[in-house]
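In the text below, chain A, chain B and the rest are named by the order of the sequence lines, each starting its count at 1. Since this is a predicted model, take the numbers as computed values, not measurements.
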Amino acid sequence: VCVAGYGQSDANEILQLIPPPTLLTKEAQGLCPERDFKVECGGFSERPVYSLKHVPDTSLLVTSGPPDSSIQIWQVSAEDSDVIKSVSTIAIENGTGQSWAKIATISARAPWVLHGSGLDRVQITEVESRKNVYTAASRGSEELSGLAFLDCNTLLLCCATGRLCLADMRQPQSLMEAMPVPSAPCREQWCMGTRHGAQGLELSSQPVARLSSRGLLTLTDLRKTTEFLALAKARVPSPGSGAEFLCVSWAPALEGYLAISGFDGLVHVYDTQSWDSSGREAEPVFVHKGHAFGRAGGSEDPPLVTVHTWHLQKPRTLLSAATDGSLHVWDWVQPCGKC
Amino acid sequence: GAGQDVGRSCILVSIAGKNVMLDCGMHMGYNDDRRFPDFSYITQNGRLTDFLDCVIISHFHLDHCGALPYFSEMVGYDGPIYMTHPTKAICPILLEDYRKITVDKKGETNFFTSQMIKDCMKKVVAVHLHQTVQVDEELEIKAYYAGHVLGAAMFQIKVGCESVVYTGDYNMTPDRHLGAAWIDKCRPDLLITESTYATTIRDSKRCRERDFLKKVHETVERGGKVLIPVFALGRAQELCILLETFWERMNLKAPIYFSTGLTEKANHYYKLFITWTNQKIRKTFVQRNMFEFKHIKAFDRAFADNPGPMVVFATPGMLHAGQSLQIFRKWAGNEKNMVIMPGYCVQGTVGHKILSGQRKLEMEGRQILEVKMQVEYMSFSAHADAKGIMQLIRQAEPRNVLLVHGEAKKMEFLKQKIEQEFHVSCFMPANGETTTILTNPCIPVDISLGLLKRETAIGPLPDAKKPKLMHGSLLMKDNSFRLVSPEQALKELGLAEHQLRFTCRVHIQDPRKEHETGLRVYNHLKGILKDYSVQHLPDGSITVESILIQATAHSEDQGTKVLLVSWTYQDEELGSYLTSLLKKGLPQSTP
């Protein structure tokens, strides 16, 4: 598990933590006393880390954050040292009104990082050589809220306005527009979640989830972009602190389950298999309240969940972090009748 | 040491010519010479009394004091051994207990005897918290509260103005029966801190306790028995208070027992040294003694056969002998029962075997014991993690930090973190390595009364908190340092005072006579330098304050005049200024 700080000071830490053995997938040989995480390696970043991704099949990490759209590459776990060293920075000039790059990584043909802060600045850089491998055709300069590799040739870009764009690397000039968002009276911010599957799985058949700052959730099948697969509303507080922590993600080991966070100190888990296109309010299967109740004393603002992710193998286990620096690993018990 | 939890702590510090040994621990994982520290580092032959000024023991855990009788009686040391009062009371009990098991049960021969333990303890001088103890004329030590276990202390060792703080094991978060470690801003030259848990990020205490209580509760609810092997002193008290509070809150009826013998004495010591426990216990002591448990009773061997649920705390902690092993053998065959191991187990013990997953154990007499009871493992140790270490450094403000750790541990990241945040040097030597720290000791200097009077008369009264800059001459004569006025220094050393004078030549174009050039210069300077005293002397020279300017004719060129500007070295600034001013030339019009 890698965590990083995003404070304003110039000493933000990036830590690679080993979870307690009970959370690792291997069945522990004996018993272990540990409920504690161990810091395996750590490094220092001069800029706040807003996005942190591991490059698969390598010991490299990529980070990004304000004040510009450049991305930083780090080397973890050298043989004789526990320091995460900065390897290089890929500097990108800023477009107007854009702040920091969103990133996605893949290691299909080579370790690549897909990055960009706006729709007109999307590119793929080969991590080790730092060479530019691909630049997406521009279709406007909107700010991006997320990007993903659907497979080793197909990219999915999500704008903060909710607009989705598909790009095929083999056809560099084309940028296909996918489903726009349901119209809304006030402007909302959107983010997306795509399902991680095993490599080789036909990922474009997995629905893409989009979450708005008002709590609207849309599911879209990328092969049939003319209609929503499903539309639902989450019961969340009205957008107060902005959309920078909005996060929606699919469970890798549970069909149809997704989680959302970023509105307050809670993480909601939903089973989307019962959803339709009515846009009705959906009941969460489970709500994690640990961050909201974790602190003693109410002197400061209640913590806000900054990000969450699913455990890759354990079906109902999630990790979430919040503005008070807490990291929770939690699961829920399914009521009888379901597996 | 081999395991992370158990090692043998023993550190040698040389400070301003004094040699101090910090802790004298035993490694419980070895059965041979490796279990004791290697004292040949100090000297190859003979007794160690002449080589050490004192020995300090931080707390009663055997990995910090286990080798003490061997060191003082078998290797040989007769100097003072310092420790806190609770440590002095409890240490010999643990040493005797361990000696019994090692010699009587295991049949070891090269081990210290009961008499040696007694003789060793006679050399111990007990200290109070925050009490400055004068070891000799120059060396003094002071103990600070360390949390961790009853009586654990961090020690400051001071010689003159150089000091070292050794933390031993400490805990920066208070728990149910002990407070948190605390030290003042003593700014030692070096802070030596334990860092075994530095790379650990602890799970929240609440979650850990909840997990433990859940397991105990579930077992008891289904009618099972819970065995918790403990060491007599240490975490056992913490768990007792935890269970007692839980039982009270949940109104549970199942009995909880604390096995007799050593453990009764333990509660006695906690009551005796009540000032060493935490604030809450001390405050509520009058109304209700935390160690008088309502739900926890003394155990009797026969109770183990009673039907129904129960919880038993029994010694020793690794299930290697004694009562806990007896109870374990009785209960192991029932899957409704549970054993919760609360600490690290040394290899070879039953505790270690069941924790590695063994479920068929060979007991004495070739009997096979099948373990069907649930085996759980929960660590409740109280050590400082990275956050705690940073907190302590922030409190003490050392100039250098030294991390003590197990073998070959990578801690580059923590080292950088400490160096970056506190701007101090951080060292992490391996076992057997020597680290040298450079200190800046203060050297006292006497100041002559005359100089002092003179310097304090100049300028405004100094701020009592701010240093005042003084000028004087430092005389190093006959092993003494004195600060005196320059005149006195010259007199004492029989030296003559020299005056330094600079003369600069400025060429200006002026065909007139020297006298007229001089007048021109005088008028020019008088007009510009309104704040200075500019004088025209009868012999034609001009003075600006104490600087002398004379106009002379150039030897070869009648049209050029040479101005000689002359000043003493104390007037350097004004002299340079005048020179550059004159180099710019004189105004054309002559008044």
Side-chain angles (χ1 to χ4, degrees), chain A residues 1-3 5 7 9-23 27-46 74-86 290-291 293-296 321-322 324-331 333, chain B residues 3-5 195-212 235 338-345 347 351-359 374-381 383 385-387 389-390 408-422 428:
Chain A
V1 178
C2 287
V3 297
S9 75
D10 61 356
N12 287 289
E13 287 178 14
I14 304 174
L15 302 174
Q16 177 158 296
L17 308 173
I18 306 179
T22 44
L23 291 177
E27 284 309 310
Q29 282 314 303
L31 289 164
C32 45
E34 311 289 339
R35 291 179 56 95
D36 305 322
F37 278 74
K38 285 231 182 316
V39 176
E40 190 180 22
C41 327
F44 299 95
S45 166
E46 281 168 3
W74 308 81
Q75 166 81 42
V76 180
S77 65
E79 265 311 304
D80 56 346
S81 161
D82 64 342
V83 176
I84 298 180
K85 290 198 180 46
S86 169
H291 291 285
F293 291 108
R295 305 164 306 117
D324 61 356
S326 59
L327 172 68
H328 287 198
V329 185
W330 49 276
D331 64 7
V333 176
Chain B
Q4 258 209 4
D5 281 8
S195 55
T196 317
Y197 285 77
T199 52
T200 303
I201 296 188
R202 312 220 69 160
D203 184 13
S204 83
K205 190 163 129 189
R206 210 192 300 172
C207 284
R208 251 182 300 157
E209 288 182 342
R210 203 171 51 208
D211 200 23
F212 170 74
R235 296 291 101 199
M338 178 187 282
V339 59
I340 302 181
M341 307 297 298
Y344 171 83
C345 290
Q347 205 160 28
H352 190 264
K353 289 185 184 147
I354 59 174
L355 285 174
S356 345
Q358 254 187 282
R359 289 296 177 261
Q374 251 183 284
V375 181
E376 294 289 338
Y377 190 2
M378 288 192 181
S379 172
F380 279 92
S381 68
H383 285 261
D385 57 5
K387 199 161 86 167
I389 294 174
M390 302 296 278
K409 215 162 161 203
K410 297 188 286 187
M411 275 190 307
E412 189 65 36
F413 174 61
L414 178 64
K415 175 172 160 7
Q416 278 189 19
K417 194 166 144 158
I418 291 173
E419 287 176 339
Q420 271 185 22
E421 180 152 345
F422 300 109
M428 15 182 257

**Member of B:Lys415, B:Glu412, B:Lys417 meeting the side chain to side chain contact (heavy atoms under 4.5 Å, CB included) criterion with A:Val83** =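 Answer to the side chain to side chain contact (heavy atoms under 4.5 Å, CB included) test with A:Val83 among B:Lys415, B:Glu412, B:Lys417: B:Glu412.
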
**Prompt:** In Å and rounded to the nearest 0.5 Å, what is the CG to CD1 distance from A:Leu327 to B:Ile201?
**Reply:**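 The CG atom of A:Leu327 sits 8.0 Å away from the CD1 atom of B:Ile201.
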
**Message:** Measuring from atom CG of A:Asp82 to atom CD of B:Gln416, what distance do you get when rounded to the nearest 0.5 angstrom?
**Reply:** 8.5 Å

**Asked** So what's closer than 4.5 Å to chain B heavy atoms on A:Glu40: side chain, backbone, both or neither?
**Response**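 When you check distances to chain B, no heavy atom of A:Glu40 falls under 4.5 Å.
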
**Message:** If you count every heavy atom of other residues, nucleotides or ligands that lies below 6.0 Å from B:Lys387 atom NZ, does the total exceed 12?
**Reply:** no

